[in-house]
Colleague: 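Take this structure first; my questions come after.
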Amino acid sequence: MPPFAAPTRSRARSRRCAVEDTIITQRRAKAEALRALGHHPYANDFVVTDRASDVHAAHEGTDAPALEANPVRVGYAGRVMAIRTFGKVVFVVVADASGRLQANLFADALPEADWALLDYLDVGDIIGVTGTLMRTRKGELSVKADHLRIVTKSLRPLPEKWHGLQDVATRYRQRYVDLIVNERVRDTFRVRARVVQYIRRFLDDRDYLEVETPMLQAVYGGAAAKPFSTHHNALDLPLFLRIAPELDLKRLVVGGFHRVYEINRCFRNEGISTKHNPEFTTLEFYQAFATYEDLMTLTEELLNGLAIAIHGTDQVTYGEHTLSFARPFRRLSVYEGLTTYAGVPADKVSDRPALLEAAARLGVTKADTRPLGHLQMEVFEAAAEHLLVQPTFVTDFPLEVSPLSRKKDTDPTLVDRFEIYAAGREIGNAFSELNDSDDQRSRFESQVAQRAAGDEEAHPMDDDYVRALEYGMPPTAGEGIGIDRLVMLLTDSPSIRDVILFPLLRPEG
RNA sequence: GGGCCAUUAGCUCAAUUGGCAGAGCAACGGACUCUUAAUCCGCAGGUUGAAGGUUCGAUUCCUUCAUGGCCCA
C-alpha cells in the first residue's frame, strides 16, 4: 500500500463514524450512570424462568379476568425491540430467542429504583423482567412488570424498526445485526437446521453410518474443480482442502461400512455467484449393493419427505415457481435433452459438427477443442439446465465427464449416472460406482492426460484409491447433494449467501 | 475476467436542466396511565464511498479506484 493512502483512509473512517460515535458516547455514558447507581450494566445473575413463545402458547386463550383471578408469575429476558412511552406507562417489546413478549411498565407497579432505569434504557438493550401476566385494553398478552433489570447495555443503534436492515453487504458482514432485526433470516437458518436434522434421521433410519473424513488431503479428487492449497509445517507437506469427500467414503465401503454418509464442508477455489460459495456443505452417501436407479427412488423419497416435513406439502414455492416434489420425478437422458432443448437431431447427438452447430447457436464458446462428452454436456447445460425447473433426474452421462462412474452395460460410451435438477440448478449428482480397479486406473490416466492438455479441473491420479479398489469394492451407488442449494429451494432464497451464515466477502477496507 | 447498475444522516430513502443537501424512523429535550410503525411540540445530526478533472458553481458531468448487486464467461 502506498504510504500516502493510510492517513486518507483513516480520516475517511473517522469522518464516517462521527455521528455514530456520538450515539455510542451517549450510551456509554448511560452504562456509566448505571454503574454509579449500583447496577452492573453487564450483569450475569438474572434468572430466566420463562420463554416468550412458551408463555404465549400456554396462555393464548386465557382472558383478562382469569389472569387477574389467578396471577401467573413470569420471569424472562431479551432484547428491547421497541419502547413506547406514555408518561407513567411504558410498553417495551422484548424479543428472546423464542419470540416476542411485551413488558408493561407502570410507574405505580415498579419499585422506584427500577422505574429510574428507564432514563438509561435504549432499544437494543437486553433486559430482564419479572411480573405477572395481564392483557392490555387491546387484548395483548403481556407482562405487568414488578421488576426490571438492564442486563446488557447495547452501545450501537439498531437499524430502523420497520424496514430492517436492507443493505446486503452489511447484512452479510454483520450477520448478527441481520439476525436481530430480520425475522425471516432467523427462520431461514432454523429451516436449514431442520433440513440437516431430517436428512440425518432419514439416513440413520436406513442404517447408514455417519462418518467424518479428512478435509485436508494430500491428493484431492471426487469432483472436477480447483482446490485451495495449504501447507502443513511440521510435515513440510503441501495439502489441499477437499473438493469432495467421495474417494474417502468409498474407501470406507471397501473397508466394510456398506452404508456411509457425511454431511460436511467442501471447498472449491472458484468464482462466487448466487449459486457458488467457496466453502459449501454437501451430503454424500454410499450404499453397497445398490444402483443409481435405486438412488433415484431414495432421492425421491428423501426430497418428497423433506418438502412435507418443512412445508407440510410437496408443493414448494420458489420465486415465481411452484416446485412439485410429488413422486415420481421427471427423468430425462442427456441425449433426450440435447434433442428436446438444443435441437440436435436424435441421430446426431454424438455427431461433432451437429453439436458444434448447436453450441454456436447457444453462444457456447471454446467448445470446439473439448472431447465429445464435454461438448455434449456444455451444449446440454447451455440449452436445458435453466429450463429444468421441476425436479428432474438427468440420466446417462457421457463417459468422459464421469471418471468415477460405472459404464453402462448397454452402452460403454455412457455411464450409470444421474444429476437431479430443480429450479434450473443442479442439486445433486449420483452414480453407480466404478469398482473395476483397472478401468479406474485407466480413467485416472486419461484424466491426467486431459490435465496435461490444460484442463485444470481434471482429476489427479490417486494411486491409493486404485489400490483400495484392487482389494474389491462391492457394487455400490453413491450420491452427493448440495445442502446449501437444497436449503435455498426450501426457504425460497434467491442467493446461496442467504443460506450461509457468514458467506465469503472481501475483507472490509 | 467482461458489461450494466448502485453507493447521500445510525437505518430506510428523496433531491427538477449543473444552482442553498431533505424526509421518515432512531437519538437528544419536553407532554402524555393501554400503545402495537403510538401521537404531539422542540432540537440536533452531512467533506453526498475515495482521489482527481471540467465548471463561476458538482450529490448531479468526466476519469481512476474501492465495495456491493445483477447478467455474461
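Letters go in sequence order (proteins before strands), and every chain restarts at 1.
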Colleague: What pairs meet the ring pair (Phe, Tyr, Trp, His ring centres under 6.0 Å) rule with one or both residues in residues 65-91 of chain A, with sequence neighbours excluded?
Modeller: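 Residue pairs with at least one partner in residues 65-91 of chain A: A:Phe86-A:Phe91.
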Colleague: Would you mind listing every ring pair (Phe, Tyr, Trp, His ring centres under 6.0 Å) that reaches into residues 147-167 of chain A, with sequence neighbours excluded?
Modeller: none
Colleague: Write out a two-atom table: protein N or O, nucleotide N or O from nucleotides 31-34 of chain B, distance below 3.5 Å.
Modeller:
unit_1	atom_1	unit_2	atom_2	d
B:C32	N3	A:Thr85	O	3.3
B:C32	N3	A:Gly87	N	3.3
B:U33	OP2	A:Lys88	N	3.3
B:U33	O4	A:Asp108	OD2	2.8
B:C34	O2	A:Arg137	N	2.9

Colleague: List, one per line, each side-chain donor-acceptor pair under 3.5 Å for residues 56-68 of chain A, sequence neighbours excluded.
Modeller:
unit_1	atom_1	unit_2	atom_2	d
A:His56	NE2	A:Arg100	O	2.7
A:Asp63	OD1	A:Ala66	N	3.1

Colleague: Note every stem involving RNA chain B: at least three consecutive Watson-Crick or G-U wobble pairs, i with j then i+1 with j-1, with both distances under 3.5 Å.
Modeller: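 Ordered by first number, the stems with RNA chain B (at least 3 consecutive pairs each) read B:1-7 with B:66-72, B:10-13 with B:22-25, B:28-31 with B:39-42, B:49-53 with B:61-65.
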Colleague: Just the rounded figure in Å: distance from P of B:G10 to CG of A:Leu155.
Modeller: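 Interatomic distance, CG of A:Leu155 to P of B:G10: 17 Å.
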Colleague: Can you tell me the distance, in whole Å, between the CD1 atom of A:Ile272 and the C1' atom of B:C70?
Modeller: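 Going from CD1 in A:Ile272 over to C1' in B:C70 covers 15 Å.
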Colleague: In whole angstroms, how far is the P atom of B:G30 from the CG atom of A:Leu118?
Modeller: 14 Å
Colleague: Of all the nucleotides listed (B:C70, B:U36, B:G68), which has the minimum atom distance to the side chain of A:Arg84?
Modeller: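 Shortest atom-to-atom distance from the side chain points to B:U36.
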Colleague: Would you measure the distance from the C1' atom in B:U16 across to the matching atom in B:U59 and give it in whole Å?
Modeller: 14 Å
Colleague: What residues, two or more places apart in sequence or in another chain, satisfy ring-ring contact (aromatic ring centres under 6.0 Å, His included) together with A:Phe46?
Modeller: none
Colleague: Nearest whole Å is fine: how far is B:U36 P from A:Glu183 CD?
Modeller: 21 Å
Colleague: Run the side chain to side chain contact (heavy atoms under 4.5 Å, CB included) test against A:Asp396 and tell me which residues pass, sequence neighbours left out.
Modeller: A:Tyr292, A:Ser333, A:Lys408, A:Leu414
Colleague: Please tabulate, one pair per line, all N/O donor-acceptor pairs under 3.5 Å involving side-chain atoms of residues 383-392 of chain A, not counting sequence neighbours.
Modeller:
unit_1	atom_1	unit_2	atom_2	d
A:Gln390	OE1	A:Ser324	N	2.7
A:Gln390	NE2	A:Thr322	O	2.8
A:Thr392	OG1	A:Gln390	O	2.7

Colleague: Would you kindly give the CD-to-C1' distance between A:Glu140 and B:A38, to the nearest whole Å?
Modeller: 13 Å
Colleague: Which residue pairs pass the side-chain hydrogen bond (donor to acceptor under 3.5 Å, both in side chains) test when at least one of the two sits in residues 418-427 of chain A, sequence neighbours left out?
Modeller: A:Tyr318-A:Arg425, A:Arg417-A:Glu419, A:Glu419-A:Tyr421
Colleague: Which protein N or O atoms sit under 3.5 Å from an N or O of nucleotides 23-27 of chain B?
Modeller:
unit_1	atom_1	unit_2	atom_2	d
B:C25	O3'	A:Lys161	NZ	3.4
B:A26	OP1	A:Lys161	NZ	3.1
B:A27	O2'	A:Gln26	OE1	2.5

Colleague: Separation of A:Arg173 atom CZ from B:A66 atom P, in whole Å?
Modeller: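 Distance, rounded to whole Å: 14 Å.
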Colleague: Looking at every non-hydrogen atom in both residues, tell me the closest pair between A:Val334 and A:Met377 and how far apart they are.
Modeller: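 So the minimum-distance heavy-atom pair works out to CG1-SD, 3.8 Å.
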Colleague: Considering only the C1' atoms, how many Å lie between B:C28 and B:C20, rounded to the nearest integer?
Modeller: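 Looking at atom C1' only, B:C28 and B:C20 are 26 Å apart.
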Colleague: Counting distance only, does the side-chain N/O of A:Ser446 pair as donor-acceptor with the main-chain N or O of A:Arg443 below 3.5 Å?
Modeller: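 Confirmed, A:Ser446 side chain pairs with A:Arg443 backbone.
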Colleague: Need one value for A:Gly164: base, sugar-phosphate or nothing, where a base atom within 4.0 Å counts as base even if backbone is also close, heavy atoms only.
Modeller: sugar-phosphate
Colleague: Could you run down the sub-3.5 Å N/O contacts of the protein with nucleotides 41-43 of chain B?
Modeller:
none

Colleague: Could you state the atom-to-atom distance from CD of A:Glu270 to P of B:A73 in whole Å?
Modeller: 16 Å
Colleague: Taking only residues two or more places apart in sequence or in another chain, which ones pass side chain to side chain contact (heavy atoms under 4.5 Å, CB included) with A:Ser229?
Modeller: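 Checked A:Ser229 against side chain to side chain contact (heavy atoms under 4.5 Å, CB included); matches are A:Phe240.
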Colleague: Between B:A66 and A:Arg506, is there an OP1 or OP2 to side-chain N/O distance shorter than 4.0 Å?
Modeller: no
Colleague: Check the distance between B:A38's P and A:Leu105's CG and give it to me in whole angstrom.
Modeller: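 Rounded to the whole Å, the gap is 15 Å.
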